[in-house]
Amino acid sequence: MKIIYFQITLSSLISFILLIILNFLSKKTFYDREKNSPFECGFDPKNLARLPFSLHFFLIAIIFIIFDIELTLLLPSIIALKSSNYLSISYSMVIFTMILLFGLYHENNQGSLNWTS
């Protein structure tokens with residue numbers, strides 16, 4: 001019985017060592033600086049960390065998040081139209097959409113949606 005355990009342990013150890021050796025032999029050694037560097041927030045991570053952050057990029061990201069959340073709030077209310085009061089859900093959807101359109105109008109007047117600057 002001890003011989004069988006020894007053989008299993010020995011074969012496991014040999015296969016483990018072979019796996020490690022084959023892993024090192026089969027690795028490609030081609031490293032590209034651009035492919036290995038992370039890309040975050042539209043700036044180069046190899047530069048200094050205390051560079052000023054683009055406020056325009058931040059505002060566009062916030063606008064995207066707001067309208068993404070708006071979709072997640074409006075879609076379930078459309079499904080709820082089948083089972084609840086049509087008039088109250090319609091009023092709440094119209095008010096919600098009006099608030100979003102007012103916010104979009106305000107952002108346009110402030111110049112947040114100007115992509116050329």
Side-chain angles (χ1 to χ4, degrees):
M1 196 65 144
K2 290 183 181 183
I3 293 174
I4 295 173
Y5 288 132
F6 178 73
Q7 288 174 345
I8 292 173
T9 308
L10 186 63
S11 64
S12 299
L13 183 65
I14 290 173
S15 63
F16 179 72
I17 290 172
L18 280 175
L19 237 153
I20 290 175
I21 290 171
L22 290 174
N23 187 24
F24 282 123
L25 291 177
S26 69
K27 272 192 175 178
K28 297 185 189 247
T29 57
F30 179 71
Y31 292 109
D32 190 12
R33 180 180 182 252
E34 284 80 21
K35 290 196 181 221
N36 287 333
S37 67
F39 181 76
E40 299 175 10
C41 301
F43 60 88
D44 187 17
K46 302 283 187 215
N47 291 339
L48 295 173
R50 299 292 179 198
L51 289 176
F53 187 71
S54 171
L55 186 62
H56 186 67
F57 178 80
F58 178 73
L59 288 175
I60 290 172
I62 293 298
I63 291 169
F64 173 76
I65 289 172
I66 288 171
F67 283 99
D68 193 34
I69 292 172
E70 171 250 339
L71 282 177
T72 60
L73 292 175
L74 278 181
L75 287 178
S77 63
I78 294 171
I79 296 171
L81 277 174
K82 294 180 183 177
S83 63
S84 55
N85 189 1
Y86 178 75
L87 195 59
S88 66
I89 289 183
S90 295
Y91 284 146
S92 65
M93 284 175 36
V94 166
I95 290 172
F96 186 70
T97 307
M98 292 301 291
I99 290 171
L100 284 173
L101 287 176
F102 177 73
L104 185 65
Y105 177 73
H106 178 69
E107 288 168 357
N108 192 21
N109 282 343
Q110 293 293 321
S112 298
L113 301 177
N114 189 4
W115 295 84
T116 58
S117 63

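Atoms considered below: every heavy atom in the structure, side chains included; atoms not considered: hydrogens, waters and symmetry mates.
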By side chain to side chain contact (heavy atoms under 4.5 Å, CB included), which residues pair with [X], not counting sequence neighbours?
X	answer
Asp68	none
Phe96	Glu70, Leu73, Leu74, Leu100
Leu101	Thr97
Leu13	Ile17

**Prompt:** Are Phe24 and Phe16 grouped together when hydrophobic residues (ILVMFWY) are joined by side-chain heavy atoms under 4.5 angstrom apart?
**Reply:** yes
> With the 4.5 Å side-chain cut-off for hydrophobic clustering, are Leu87 and Ile95 part of the same group?
Replying inline: no
The reported gap from OG1 in Thr9 to CD1 in Ile14 (rounded to nearest 0.5 angstrom) is 11.0 Å
The remaining residues in the hydrophobic cluster of Val94, counting side-chain heavy-atom contacts under 4.5 Å among Ile, Leu, Val, Met, Phe, Trp and Tyr, are Met98
Residues Ser12 and Ser15: closest non-hydrogen pair is O-OG, 2.9 Å
